[in-house]
2 protein chains.
Amino acid sequence: MSSTDTPKTSFKQRMLQVREDAIIHAVNRLLAEKGFEAMTVDEVAAQVGIAKASLYKHFSSKEDLAAAAIVRGMRRAQNFIGGLPSEAPPLENLRAVVRWLLEVKLAGDMPILPSQSSSLRATLMVNSDYMDSLMAISDRLEKWIEAAQTRGELSQRLPTIAILFTLFACASDPVVEFLQMGGRFTDEQITDIVLATYFEGINAR
Amino acid sequence: MSSTDTPKTSFKQRMLQVREDAIIHAVNRLLAEKGFEAMTVDEVAAQVGIAKASLYKHFSSKEDLAAAAIVRGMRRAQNFIGGLPSEAPPLENLRAVVRWLLEVKLAGDMPILPSQSSSLRATLMVNSDYMDSLMAISDRLEKWIEAAQTRGELSQRLPTIAILFTLFACASDPVVEFLQMGGRFTDEQITDIVLATYFEGINAR
DNA sequence: GTCTATAATCAGATAGAC
DNA sequence: GTCTATCTGATTATAGAC
């Protein structure tokens, strides 16, 4: 009995998971492309190829929909950061994180963060998955920043928190889109340029 | 006749101008606070203290409303830049521009630029007042950037256009809001921190 | 769980009296 | 030009059959 039942429900759950993955993927692309306000639930449904009402069986609101995509993004960031060698120089790891963020962004996979007052912001603030990921990432990066400052590799005149925010801000840096729009630079060049402005600044050295 | 008529129409026009200034001021604050999509025409009307229908006698659409505020901002920037001493070192003038932008932003007077696909973007692109200001500002800044690069004060490894975009991007830099939100820094400290990250970078020197 | 059809709401824009 | 009242369309969300 259970030998036949268990695979059956497992299969169903797998299909459900696949469907939800497809939804989140579509949401992620739309968030990256036009942001939360401009994205409509109709678009999401159309892109996934299901009816809008079906979406609401999986997620109870537009905010939940977006939150799911953003939480997935945070988890990925957490995984990437967790996979970095803790014995490596902290500055190197920090550069790797920014490089990774820029690559995700250049690939059009970076969901827009709610920089201003938005219903999404409120939803995220009470989402413990989101907040946990955010805290975990912040802690890890902050330790590396402090270590790099102690070693004299990062500026000791800048507050640690300001450097942390600067790294986070790269997720929504409009310079990337600007440079991409012109079409005069490859993705690798854009990555190098933005990395250089963050770490070395625009002044000559 | 004309001696009594002229002041009369002039007075009316002045009142009209004052009213439109009040509208644009309200729009500017709302754009700075919540951005174009989140701002509603009802809010603007309420804040100015007139009926929504009256707004539409002055501006024919929400986009026009926002464009007027943004164009005023561009004009102000143009005036500020035009008032800088052309004999001063170019790097000094560029720093003054960024400092001014940050001060406007910290005062809550920086209307959010349409970084992503938006109906406002399209409106601005065909608004010759906006485009003219943008071109004038870009030209001026670009010349200073090139001059500073030639003098070896700004990095010669970075494309001029990338530096220009970086300066523009400070208008929508979320780090400013983040640092402001925490309440641990004064406006002057925030200005200094952000200026330092832009020009000197986060690396130690 | 998925669909079609529809409710409910909200925001941009307008009509028409004054 | 300003107002009140209204229209129109878009968008989030749900009802109910299958």
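So that the names make sense, note that chain A is the first sequence line, chain B the second, and so on, each numbered from 1. Keep in mind it's a predicted model, so treat the numbers as computed, not measured.
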Would you please test B/Thr160 and B/Gln149 for side-chain hydrogen bond (donor to acceptor under 3.5 Å, both in side chains) and show each step? CA-CA 8 Å; B/Thr160 306; B/Gln149 284 181 309; 2.9 Å; yes
Give the C-alpha distance, both sets of side-chain angles, the deciding distance and a yes or no for salt bridge (Lys or Arg N to Asp or Glu O under 4.0 Å) between A/Asp21 and A/Arg72. CA-CA 10 Å; A/Asp21 281 352; A/Arg72 193 192 58 159; 6.0 Å; no
A/Arg14 CZ to C/dG1 C1': how many Å, rounded?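 Between C1' of C/dG1 and CZ of A/Arg14: 19 Å.
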Can you measure B/Asp42 atom CG to C/dG12 atom C1' for me and round it to whole angstrom units?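 Rounded to whole Å, this separation is 9 Å.
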Looking at A/Phe36, does the NZ or CZ of A/Lys62 lie under 6.0 angstrom from its six-membered ring centre and within 45 degrees of the ring axis?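 A/Lys62 over A/Phe36 ring: yes.
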Counting any heavy atom closer than 4.0 Å, what does A/Thr40 reach on the DNA or RNA strands: base, sugar-phosphate only, or nothing?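 The answer is sugar-phosphate, as A/Thr40 gets under 4.0 Å only of primed atoms, P, OP1 or OP2.
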Please classify the nucleic acid contact of B/Met39 as base, sugar-phosphate, or nothing, using heavy-atom distances under 4.0 Å.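 Answer is sugar-phosphate: B/Met39 comes under 4.0 Å of backbone atoms only.
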With the threshold set at under 4.0 Å for non-hydrogen atoms, list the residues of residues 57-67 of chain A touching DNA chain D in residue-number order.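 Hits under 4.0 Å, by residue number: A/Ser61, A/Lys62.
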Between B/Asn203 and A/Tyr198: side-chain donor-acceptor atoms closer than 3.5 Å: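 Their side chains do not contain a donor-acceptor pair, so the 3.5 Å distance test is not met.
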Side-chain donor-acceptor contact under 3.5 Å, B/Ser128 with B/Asp132: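 The criterion, which ignores hydrogens and geometry beyond distance, is not satisfied for B/Asp132 and B/Ser128.
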Counting side-chain heavy atoms from CB outward, which of D/dC3, D/dT11, C/dA13 is closest to B/Ala51?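 Of the options given, the side chain of B/Ala51 lies nearest D/dC3.
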Picking from C/dT4, D/dT2, D/dG1, which would you name as closest to the side chain of A/Ala53?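 It is C/dT4.
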Please report how far the helix from C/dG1-D/dC18 to C/dC18-D/dG1 bends, comparing the axis fitted to its first five pairs with the axis fitted to its last five, to the nearest 10 degrees.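 End axes: 20° apart.
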Report yes if at least one side-chain N or O of A/Ser54 is closer than 4.0 Å to OP1 or OP2 of C/dG1; otherwise report no.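 For A/Ser54, the contact criterion (side-chain N or O under 4.0 Å from OP1 or OP2 of C/dG1) is not met.
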With B/Phe168, which residues qualify under ring pair (Phe, Tyr, Trp, His ring centres under 6.0 Å), at least two apart?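 Once residues adjacent in sequence are excluded, B/Phe168 has no partner under the ring pair (Phe, Tyr, Trp, His ring centres under 6.0 Å) criterion.
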